[in-house]
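Okay, structure first, notes after.
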Amino acid sequence: MKRLRGGTAALHYAVVLGLLLVCGSVARPQNEDFSKVEIKVTKVSGNIYMLEGEGGNIAASVGDDGIVIVDDQYAPLVDKIQAALKNLKITDKPVRFVINTHYHGDHTGGNAPFASSGSTVIAQDNVRKRLETGGVAGNGGSLKFEQTPAPKSALPVITFEHDVTVHLNGEDIRALHFPAGHTDGDAIIFFPKNNVVHMGDDFVRYGFPFIDVTSGGSVQGMISAMEKVSAQLPPDVKVIPGHGGLSNLDDVRAFVKMLKETSAVVQKAIDEHKTVEQMKQEKILAPWAKWSTDKFINAGQFIETLYNSLTGSKGEFLKHN
Ligand SMILES: [Zn+2]
């Protein structure tokens, strides 16, 4: 991990390490040992599977036409992911398409090896841009994660602005862009025939969510995306979160309720001209303590996130060469 500009690198590094332990991360030391990671495969519905290893959850459509996956974790895990898919003994055909839900390294780290084995990587326009340039992921406050530029081989070769559909295995697999949620390049992926949706990191199960305000994310966009999606989906839809176990719409609604309530409390404090420090001292998010985790996003960091989202502040400007 590169040293972060602007000081307190040790603190940031500690935060990153904590984040790695919980849910994978947006940035990870390159020499991390992945040898002990096992890929757990869960049948979700019909021919859709969920794969958990390290990093973001993977959805896979596996059938006669071949395989489509949503997100691909980390490069050192690609052989294990390929083996787990082959082990289903459903098809000998390859992973033909990889769809990225957003640009963070724990969801796109496998792009280059999948591409070199013949997969076509698809993502929203801003995912390609951010992978290409690198930059900083963060909440505009104390959370900052350097994102190094991805190699050319890792860049999506098909990009879309609003939506794209992959017609494979008898299903219209649709990726739909929702602006300014977890990042500015998020896509939510629908498997309508199988009644499954992959939410990317617009919906996670590890507690208060990381919202990448520095990369164009906002709590307002996350709420809006989740409300629009939940309103359209059948009540019994199976929901694959960006991180955490298989979920349902009630879980999504509880998450949205928390986002709205905590946003309202922070907005009220902003209207009363309180500073972030005062909000932290007054512990204004204490009623939502069960969502706070010292290992990743604690209440203080979520106050920063909400404050910067609601005031449109992206934090200090960091220039990258
Ligand atoms: Zn993410």
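In listed order, ligands and their atoms are each counted from 1.
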Is His182 close enough that one of its N/O/S atoms sits under 2.8 Å from the Zn ion (ligand 1)?
-> yes
Val252, Val219: one ILVMFWY side-chain cluster at the under-4.5 Å cut-off?
-> yes
ring-ring contact (aromatic ring centres under 6.0 Å, His included), paired with Phe208, selected from Phe302, Trp288, Phe255 = Phe302
Partner of His102 by side-chain hydrogen bond (donor to acceptor under 3.5 Å, both in side chains), out of Thr183, Asp201, Asp186 = Asp201
Looking at His102, the N, O or S atom sitting nearest the Zn ion (ligand 1) is NE2
Assert yes or no for the condition that the ring centre distance of Phe145 to Phe210 is strictly below 6.0 Å.
-> yes
Which is the closest N/O/S atom of His104 when seen from the Zn ion (ligand 1)?
-> ND1
Is Asp201 close enough that one of its N/O/S atoms sits under 2.8 Å from the Zn ion (ligand 1)?
-> yes
